[in-house]
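Report on one structure; see the data block that follows.
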Amino acid sequence: MDLIKRLSYSFGIGVISLNSQNVDESVILARAEFRENLDYSVMNELSMKNPDFKKFLESVAEFNIEKEYRSKSEFDEVLDNDKLDNYLINKKIMNN
């Protein structure tokens, strides 16, 4: 939980404990907040430990809303309820 609090404080990252059986019963552990300034020392530390996070930072830094093809290839699709249910069942996160 300390790491969650650190990430939330440093970046304004929100964290949700997802109840896959009943999404409506999920709990917000840390609320997302807009940050004017980022904690670059934490970002550097995380990017050195996690190549996926480093790639994510590069994608965000180069992001351009005008280049829709990039957002579709680099970020997850937002699923409607039916697609989300199918995804959770296929990944064995939720039962039928």
Side-chain angles (χ1 to χ4, degrees):
M1 192 65 176
D2 287 340
L3 182 56
I4 290 172
K5 288 179 183 176
R6 185 175 172 199
L7 290 171
S8 180
Y9 179 77
S10 294
F11 303 111
I13 293 173
V15 180
I16 299 171
S17 176
L18 181 65
N19 180 334
S20 63
Q21 301 304 312
N22 186 348
V23 175
D24 293 332
E25 292 180 4
S26 299
V27 177
I28 298 172
L29 301 177
R31 294 201 172 275
E33 295 180 17
F34 179 78
R35 295 279 189 258
E36 275 296 323
N37 300 309
L38 299 176
D39 187 335
Y40 289 100
S41 63
V42 174
M43 290 170 59
N44 186 47
E45 179 184 342
L46 291 172
S47 66
M48 290 184 347
K49 291 180 179 179
N50 185 331
D52 290 335
F53 185 71
K54 182 176 183 176
K55 185 177 178 188
F56 168 75
L57 288 179
E58 290 167 355
S59 293
V60 170
E62 298 171 357
F63 181 74
N64 180 343
I65 195 74
E66 301 295 321
K67 298 179 181 177
E68 188 176 315
Y69 67 91
R70 287 200 59 209
S71 59
K72 289 187 180 217
S73 66
E74 295 181 32
F75 301 106
D76 294 338
E77 174 187 2
V78 176
L79 304 176
D80 64 26
N81 288 341
D82 290 334
K83 286 183 179 179
L84 177 60
D85 286 344
N86 288 332
Y87 176 85
L88 294 173
I89 291 167
N90 289 337
K91 296 292 182 178
K92 297 183 180 11
I93 297 171
M94 183 173 81
N95 299 325
N96 282 339

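Residues: numbered from 1 along the sequence shown. These values consider heavy atoms only, across backbone and side chains, with no hydrogens, waters or symmetry-generated copies.
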Next on the checklist: Quick check on the hydrophobic clustering: are Val78 and Leu84 connected, directly or via other members, by side-chain heavy-atom contacts under 4.5 Å?
Outcome noted: no
Next on the checklist: If you count heavy atoms of other groups shown closer than 6.0 angstrom to CZ of Arg31, is the number above 12?
Outcome noted: no
Checklist outcome for this item: Nearest heavy-atom contact between Ile93 and Gln21 is O-NE2, 3.7 Å
Checklist entry - Are any of the side-chain heavy atoms of Phe11 and Leu46 separated by less than 4.5 Å? => result yes
Item to check | Same cluster (ILVMFWY, side-chain, under 4.5 Å), Leu79 and Leu88 | outcome: yes
Checklist entry - Quick check: are there more than 12 heavy atoms from other residues, nucleotides or ligands sitting under 6.0 Å from CG of Asn22? => result yes
Checklist entry - With hydrophobic residues grouped by side-chain heavy-atom distances under 4.5 Å, do Val23 and Tyr87 end up in a single group? => result no
Checklist entry - Checking side-chain hydrogen bond (donor to acceptor under 3.5 Å, both in side chains) for the pair Ser17/Asn19: CA distance, chi angles, key distance, verdict? => result CA-CA 7 Å; Ser17 176; Asn19 180 334; over 6 Å; no
Checklist entry - Is Val27 reachable from Leu18 through a run of hydrophobic residues whose side-chain heavy atoms are each under 4.5 Å from the next? => result no
Next on the checklist: For the OG atom of Ser59 and the NZ atom of Lys54, what is their distance to the nearest 0.5 Å?
Outcome noted: 12.5 Å
Item to check | Heavy-atom closest contact (Ile16 atom, Ser26 atom, distance) | outcome: CG2-CB, 3.9 Å
Checklist entry - What about Tyr40 and Met48, same hydrophobic cluster or not, with Ile/Leu/Val/Met/Phe/Trp/Tyr joined at side-chain heavy-atom distances under 4.5 Å? => result no
